[in-house]
There are 2 protein chains.
Amino acid sequence: MSSPSSPARGRPARLDRTRTLRTALDLLDQSGLDALTMRRLADAMGVQAGALYRYFATKQDLLTAMAERMMEGVAEAAATDGGDWSERLTALARAEREALLAHRDGARVFAGTHATGASVLGFADAFVGVLREAGFADDAAARALYTVVNYTVGHTLEEQAALQAQDGAPEDASVLRDAVTAGTYPHLSATLPTLTSTDFTGLFEFGLDLLIEGLRARHAPPARE
Amino acid sequence: MSSPSSPARGRPARLDRTRTLRTALDLLDQSGLDALTMRRLADAMGVQAGALYRYFATKQDLLTAMAERMMEGVAEAAATDGGDWSERLTALARAEREALLAHRDGARVFAGTHATGASVLGFADAFVGVLREAGFADDAAARALYTVVNYTVGHTLEEQAALQAQDGAPEDASVLRDAVTAGTYPHLSATLPTLTSTDFTGLFEFGLDLLIEGLRARHAPPARE
DNA sequence: ACCTGAACACCGTTCAAGT
DNA sequence: ACCTGAACACCGTTCAAGT
């Protein structure tokens with residue numbers, strides 16, 4: 001809103017929101033969230049750190065814009081062909097996970113912000129819309145949105161943390177393996193193969209299925225028009 | 001393991017893991033995760049920042065120990081009286097959420113670490129145990145653990161973020177309200193009361209119920225012994 | 001053995017001043 | 001109008017040196 005804008009007066013700006021956002025996402029993918037500093041981003045743009053503050057009020061503001069950008073197009077996953085409400089919801093949740101996975105530390109960026117731009121609201125509206133049109137009560141539809149989103153973010157946060165732990169410090173599974181094999185955790189020992197599995201897609205689908213199944217139990221058939 | 005220990009030789013130590021952890025959790029509750037720095041913690045212990053590194057290899061190590069300590073006693077929630085598997089699972093999930101809520105930014109601390117100590121593994125073993133003893137397949141039991149934990153962490157992360165947004169910057173609901181009332185999101189407008197509700201317990205229980213309901217659909221009755 | 005003091009290599013953010 | 005330069009008030013971490 002109060003960003004520098006319109007008439008090409010003075011020198012042509014080296015910076016602008018869109019280009020900066022693109023560079024920030026590139027930097028994120030290359031080096032991860034911890035290495036994404038205002039100084040390094042400024043460097044990548046050939047500018048001093050202070051200059052960024054003409055386009056983003058704070059670093060938090062930048063991260064929120066990045067989160068918003070990550071969700072672009074995700075709402076469209078509901079429009080995929082036909083399919084009943086459960087298929088459309090599944091498509092939306094999968095699209096959200098994939099959007100988060102598309103960038104290194106994507107889930108951490110998203111979880112750390114409160115994006116309320118068009119792509120996030122569009123996604124939410126599409127999600128709630130699928131349920132309302134299927135005959136779910138308003139209350140259930142809104143709560144289902146939060147539940148699926150919180151699950152998806154929680155899962156992907158873990159998934160990306162596990163991926164990073166794999167390369168870098170491969171003690172991931174072995175720490176668990178050792179602690180468990182030691183004795184005292186009979187049920188974890190018995191399920192170790194699944195606990196240390198890296199089939200994150202399978203795991204995500206399992207939980208998503210549980211949620212959809214739970215919703216099905218609450219489903220009243222749509223009223224005829 | 002290599003921490004200073006046992007024989008009371010030399011000067012009595014002003015620091016030790018337990019006391020430092022307690023102080024760190026107090027500081028967390030008073031000021032939040034962003035204000036929990038090694039220097040401020042050292043200050044609260046009457047010591048220089050460098051001294052902390054004799055007890056915690058890194059700040060990440062400290063945070064992991066804090067996460068582990070938060071989960072102490074949560075596994076015992078499965079032992080509550082009788083109740084079938086679904087009641088016991090519900091009790092475990094509720095206990096985890098409450099343990100995270102017990103400290104400011106508790107979910108953020110937990111999500112940012114990979115605690116694999118006795119309280120976390122004990123919780124996991126209890127959870128998987130309830131399902132295995134109820135007749136669930138090992139694979140399903142392990143996946144259900146991750147699903148419920150990821151949901152619980154995801155939900156509580158959001159819940160604590162929303163709580164902080166309320167006091168401090170009460171634009172939380174109003175930003176959403178404005179964006180939604182503006183037009184383009186018919187389904188969000190229709191469900192605004194639920195979307196801006198602060199009944200986080202109700203929301204958590206809704207999602208948890210969906211998961212339990214989903215698990216029920218997968219449930220094979222336990223084999224007779 | 002335990003802690004201090006001081007340093008190293010950084011951070012986010014602000015703001016007068018230049019062009 | 002847009003950016004620089006320089007500062008302010010911090011960070012996590014290391015390590016010789018003191019006691």
Side-chain angles (χ1 to χ4, degrees), chain A residues 1-21 23-24 27-28 30-67 105 108-109 112-113 168-169, chain B residues 1-21 23-24 27-28 30-67 105 108-109 112-113 168-169:
Chain A
M1 310 302 174
S2 65
S3 300
S5 52
S6 21
R9 216 107 74 89
R11 245 168 314 291
R14 273 187 280 158
L15 248 34
D16 69 90
R17 266 195 153 241
T18 308
R19 229 169 61 77
T20 306
L21 239 26
T23 308
L27 223 157
L28 180 70
Q30 286 161 29
S31 324
L33 182 56
D34 293 333
L36 179 64
T37 67
M38 296 301 267
R39 286 166 202 264
R40 279 206 249 236
L41 175 56
D43 240 51
M45 307 284 299
V47 105
Q48 294 296 104
L52 294 172
Y53 289 83
R54 199 165 292 273
Y55 300 87
F56 301 93
T58 62
K59 185 181 182 181
Q60 192 59 35
D61 188 35
L62 167 73
L63 290 169
T64 301
M66 291 169 68
D105 292 329
R108 247 169 93 202
V109 170
T113 56
Chain B
M1 306 303 177
S2 66
S3 300
S5 51
S6 21
R9 213 103 78 84
R11 247 168 314 290
R14 272 187 282 160
L15 246 35
D16 68 272
R17 268 197 152 241
T18 309
R19 226 169 65 75
T20 306
L21 240 26
T23 309
L27 223 158
L28 180 70
Q30 286 161 30
S31 323
L33 182 55
D34 293 333
L36 178 64
T37 68
M38 296 302 267
R39 286 166 203 264
R40 279 205 250 237
L41 176 56
D43 240 51
M45 306 284 299
V47 106
Q48 292 296 102
L52 294 171
Y53 289 83
R54 199 164 292 275
Y55 300 88
F56 301 93
T58 62
K59 186 182 183 182
Q60 191 61 33
D61 188 35
L62 167 73
L63 291 169
T64 301
M66 290 169 70
D105 291 329
R108 247 170 93 203
V109 170
T113 57

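Naming convention: chains lettered A, B, ... in sequence-line order (proteins, then strands); numbering from 1 in each chain. Heavy atoms only: backbone and side chains are in, while hydrogens, waters and symmetry mates are out.
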*Can you tell me if B/Arg14 uses its side chain to pair, donor with acceptor, with the backbone of B/Met45 under 3.5 Å?*
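No, the answer is negative, given that no donor and acceptor are paired below the 3.5 Å cut-off.
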Among [options], which nucleotide has an atom closest to any side-chain atom of [X]?
X: B/Lys59; options: D/dG12, D/dA7, D/dT4; answer: D/dG12
X: B/Gln48; options: D/dT13, D/dC3, C/dG5; answer: C/dG5
X: A/Thr37; options: D/dT4, C/dC11, D/dC3; answer: C/dC11
X: A/Thr58; options: D/dC11, D/dC3, C/dT13; answer: C/dT13
X: B/Tyr55; options: C/dC3, D/dT13, D/dC2; answer: C/dC3

Would you kindly give the [atom1]-to-[atom2] distance between [X] and [N], to the nearest whole Å?
X: B/Arg54; N: D/dA16; atom1: CZ; atom2: C1'; answer: 12 Å
X: B/Asp16; N: C/dA1; atom1: CG; atom2: P; answer: 18 Å
X: B/Gln60; N: D/dT13; atom1: CD; atom2: C1'; answer: 14 Å
X: B/Asp34; N: C/dC11; atom1: CG; atom2: P; answer: 17 Å
X: B/Tyr53; N: C/dA6; atom1: OH; atom2: P; answer: 19 Å
X: B/Met38; N: C/dT4; atom1: CE; atom2: P; answer: 14 Å
X: B/Leu33; N: D/dG12; atom1: CG; atom2: P; answer: 11 Å
X: A/Arg19; N: D/dC3; atom1: CZ; atom2: P; answer: 10 Å

Exercise for the section: State the pairing partner of C/dC11; accept Watson-Crick or G-U wobble contacts with both distances under 3.5 Å, and report none otherwise. Expected result: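 Its partner is none (no Watson-Crick or G-U wobble pair with both distances under 3.5 Å).
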**Request:** Tell me the partner of C/dC2, counting only Watson-Crick (N1-N3 plus N6-O4 or O6-N4) or G-U wobble (N1-O2 and O6-N3) with both under 3.5 Å; none if nothing fits.
**Result:**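 Base partner found: D/dG18.
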ask   = Are A/Arg40 and C/dC10 close enough that a side-chain N or O sits under 4.0 Å from OP1 or OP2?
value =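 No, no such contact exists.
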Steps toward side chain to side chain contact (heavy atoms under 4.5 Å, CB included) verdict (A/Leu52, A/Leu62):
CA-CA 9 Å; A/Leu52 294 172; A/Leu62 167 73; over 6 Å; no
Margin query: For the P atoms, the ones on D/dA9 and on C/dA9, what distance do you get once it is rounded to whole angstrom?
Written below: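 Pairwise P distance, D/dA9 against C/dA9, rounds to 23 Å.
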Notebook entry, point to check: On a whole-Å scale, what distance lies between the C1' atoms belonging to D/dA16 and C/dC3?
Noted result: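 That atom pair is separated by 13 Å.
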Practice prompt. Can you measure from CG (B/Leu21) to CG (B/Leu63) and round to the nearest 0.5 angstrom?
Written response: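 If we round to the nearest 0.5 Å, B/Leu21:CG and B/Leu63:CG are 10.0 Å apart.
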Point to revise | Inter-residue atom distance A/Arg108.CZ - A/Leu28.CG, 0.5 Å rounding | key: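 Reported to 0.5 Å precision, the distance equals 9.0 Å.
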DNA chain C: B/Arg14 or B/Arg39, which has the more 5' nearest nucleotide?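 Between the two, 5'-proximity favours B/Arg14.
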message: Given B/Met66, which partner from the list B/Thr113, B/Asp61, B/Leu36 fulfils the side-chain contact (heavy atoms from CB on, under 4.5 Å) test?
response: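 Running side-chain contact (heavy atoms from CB on, under 4.5 Å) over B/Thr113, B/Asp61, B/Leu36 with B/Met66 returns exactly one hit, B/Leu36.
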